Amino acid sequence: MDDLDRRILNEIQSDFPIETKPYLVVGRRLGIAEEEVVRRVQRLKEKGIIRRIGANFDSREIGFTSTLCGARVPKEKLDGFVAKVNSYPGVTHNYLRLSSINVWFTLIAPSEERIRECLREIEEATGVSGIMSLPAQKMYKIQVDFNVSDD
Amino acid sequence: MGLTRLERRIIYELQGDLEVTDRPFLALAEKLGIPEEELIAKIREFEKSGKIRRFGATLKHQRTGFEGNVMVAWRVDEARADQAGEVMSSFEEVTHCYKRPKSAEWPYNLYTMVHAKDEEACLKIVEEIAEAAGVEERALLFSVKELKKTTMRYFFEEFGEREEP
């Protein structure tokens, strides 16, 4: 990866042109030909440096609701609990943490009612009661890394 | 919210990976059965309304030497929560900072993710945050094991092709 690759990555990470010919626009910004940009982006993708090119959505703005859940799960129920929780596509992150409340997961669903329903199902299926749901009331910071650092 | 079926389908498809060609939106528009211009206009509209948080390339996770991380739950007076949240957010090592409801069982209301080079460095930053924000009570939630980590695929139930993994 050279300096030009890095400059291209910075452009297409944070300011991808929504145009019929986006790589032509990127090429103009950087003073290089469209073909050169396309060729380099293809190579960065083949090398696995670019994982995907697409949109990241704000779950709230498209009508979904999300929450952070915490549960106190005894050791003997842990495997069953994790399997049940992870079976929901709306569970995107799940961690075992060093705390009395030891399992923490995020849950995204189309409604608050659906979230309550999922938690009820999990509690019934696993025998773990009192799962806490802590939806964000305010977001002060969400950082997404944009800058491509040197190796 | 009132998204149309086409809008939901566009959102579903945009979570995938756009082909790298000189006209990347053309192939997708054809798949959706709409003109390229309409797709481009929709994406711009989604960006403007905040539905799309970011459009562009997602890179492979960079090993930047920040391997340690800890989630910290803080107990802050409700009246001071915003101020403390702003102070905590000003730390470079804090990547996420949210306010969440307190409960009797779990009396914490501010949540930060702290990233630093190792566990020890995380603890040091947490001390600095506590002092700067004037918040003493906290619970450190180090992760013992990652049980699941994936990205959300909105409207998968409606449009997913159930591809074999």
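Basis for what follows: all heavy atoms, side chains included, without hydrogens, waters or symmetry-related copies. Because the structure is predicted, anything quoted here is derived from the model rather than measured. So that the names make sense, note that chain A is the first sequence line, chain B the second, and so on, each numbered from 1.
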Do A/Tyr95 and B/Phe142 have side chains that approach each other closer than 4.5 Å (heavy atoms only, starting at C-beta)? no
Compare all side-chain heavy atoms of A/Leu134 with those of B/Tyr98 and state whether any distance is below 4.5 angstrom. no
Would you say B/Thr21 and A/Val38 make side-chain contact, with heavy atoms under 4.5 Å? no
So, using side chain to side chain contact (heavy atoms under 4.5 Å, CB included) as the criterion, who are the partners of B/Thr151 when residues are at least two apart? none
Where at least one partner belongs to residues 132-142 of chain A, residue pairs that pass side chain to side chain donor-acceptor pair (under 3.5 Å), sequence neighbours excluded: A/Thr67-A/Ser133, A/Gln137-B/Lys99, A/Lys138-B/Asp82, A/Tyr140-B/Asp82
Please look at B/Met71 and chain A and tell me whether the side chain, the backbone, both or neither of the residue comes under 4.5 angstrom of a heavy atom of that chain. both
Here the pair of heavy atoms bringing B/Asp22 nearest to A/Glu34 is CB-OE2, 3.3 Å
Any A/Val91 side-chain heavy atom under 4.5 Å of B/Lys148 side chain: yes
Under 3.5 Å, side chain of B/Gln15 to main-chain N/O of A/Ala55, donor-acceptor pair present? no
Decide side-chain contact (heavy atoms from CB on, under 4.5 Å) for B/Thr58 and A/Asn56; before the verdict, give the C-alpha distance in whole Å, the side-chain angles of both, and the deciding distance to 0.1 Å. CA-CA 9 Å; B/Thr58 300; A/Asn56 294 294; 4.1 Å; yes
Could you tell me whether B/Glu19 atom CD has more than 12 heavy atoms of other residues or ligands within 6.0 Å of it? no
Is there a path from A/Val85 to A/Tyr88 through hydrophobic residues (I, L, V, M, F, W, Y) whose side chains come within less than 4.5 Å of each other? yes
Could you tell me whether the side chain of B/Phe155 reaches within less than 4.5 Å of the side chain of A/Pro110, counting heavy atoms only? no
Heavy-atom pair of closest approach, residues B/Leu14 and A/Arg52: O-NH2, 3.2 Å
Results of side chain to side chain contact (heavy atoms under 4.5 Å, CB included) for A/Ala109 - residues two or more places apart only: A/Arg114, A/Ile115
Quick one: do B/Val144 and A/Arg97 satisfy side-chain contact (heavy atoms from CB on, under 4.5 Å)? Show the steps, please. CA-CA 5 Å; B/Val144 180; A/Arg97 294 187 182 276; 5.5 Å; no
Spell out, yes or no, whether B/Val87 and B/Met113 are grouped together once hydrophobic residues are joined by side-chain heavy atoms under 4.5 Å, including indirect joins. no
Under 4.5 Å between side-chain heavy atoms, counting indirect links through other Ile/Leu/Val/Met/Phe/Trp/Tyr residues: same cluster for A/Met139 and B/Leu110 or not? no
Counting only non-hydrogen atoms closer than 4.5 Å, does B/Glu146 touch chain A with its backbone (N, CA, C, O), its side chain (CB onward), both, or neither? both
Interatomic distance, A/Ile53 atom CD1 to B/Leu18 atom CG [nearest 0.5 angstrom]: 6.5 Å
Interatomic spacing from CG in A/Asn102 to CG in B/Leu141 - rounded to 0.5 Å: 10.5 Å
Going by heavy atoms in the side chains, are A/Ile62 and B/Ile11 under 4.5 Å from each other? yes
Suppose a student defines contact as a heavy atom less than 4.5 Å from any heavy atom of chain B. Which residues in residues 15-25 of chain A would they list? A/Phe16, A/Pro17, A/Ile18, A/Glu19, A/Thr20, A/Lys21, A/Pro22, A/Tyr23
Contacting region of B/Ala29 [heavy-atom separation from chain A under 4.5 Å]: neither
Please state whether the side chain, the backbone, both or neither of B/Phe91 comes within less than 4.5 Å of a heavy atom of chain A. backbone
At a heavy-atom separation under 4.5 Å, does A/Thr106 approach chain B through its side chain, its backbone, both, or neither? neither
Under 4.5 Å from any heavy atom of chain A, what part of B/Glu47 do you find: side chain, backbone, both or neither? side chain
Kindly determine whether B/Phe55 and A/Ser14 satisfy side-chain contact (heavy atoms from CB on, under 4.5 Å), including the steps that lead there. CA-CA 7 Å; B/Phe55 190 102; A/Ser14 54; over 6 Å; no
Identify which of B/Ser49, B/Ser89, B/Ala139 forms the greatest number of heavy-atom pairs closer than 4.5 Å to chain A. B/Ser89
Need one label for A/Leu44: side chain, backbone, both or neither, based on atoms under 4.5 Å from any heavy atom in chain B. neither
Would you indicate whether the side-chain heavy atoms of A/Pro89 and B/Phe156 approach each other to under 4.5 Å? no
Distance check, rounded to the nearest 0.5 Å: B/Arg153 atom CZ versus A/Thr92 atom OG1? 14.5 Å
Side chain, backbone, both or neither of B/Thr112 within contact of chain A (heavy atoms, under 4.5 Å): neither
Would you call B/Glu105 and A/Arg72 a side-chain contact if the rule is heavy atoms closer than 4.5 Å? yes
What distance separates B/Leu59 CG from A/Ile50 CD1, expressed to the nearest 0.5 Å? 6.5 Å
Per-residue contact mode, B/Leu140 against chain A (heavy atom under 4.5 angstrom): backbone
For B/Ile52 and A/Asp58: C-alpha separation, side-chain torsions, deciding distance, then whether side-chain contact (heavy atoms from CB on, under 4.5 Å) applies. CA-CA 6 Å; B/Ile52 290 180; A/Asp58 184 319; over 6 Å; no
Among B/Ala41, B/Ser103, B/Ala81, B/Ser90, the residue with the most heavy-atom pairs under 4.5 Å to chain A is B/Ala81
Answer with side chain, backbone, both or neither: which region of A/Met132 has an atom nearer than 4.5 Å to a non-hydrogen atom of chain B? side chain
Ion pair check, A/Glu61 and B/Arg53, cut-off under 4.0 Å: no
Which atoms of A/Val82 are under 4.5 Å from chain B, going by heavy atoms: the side chain, the backbone, both sets, or neither? side chain
Tell me whether B/Asp17 is salt-bridged to A/Arg51, with the criterion being a basic N under 4.0 Å from an acidic carboxylate O. no
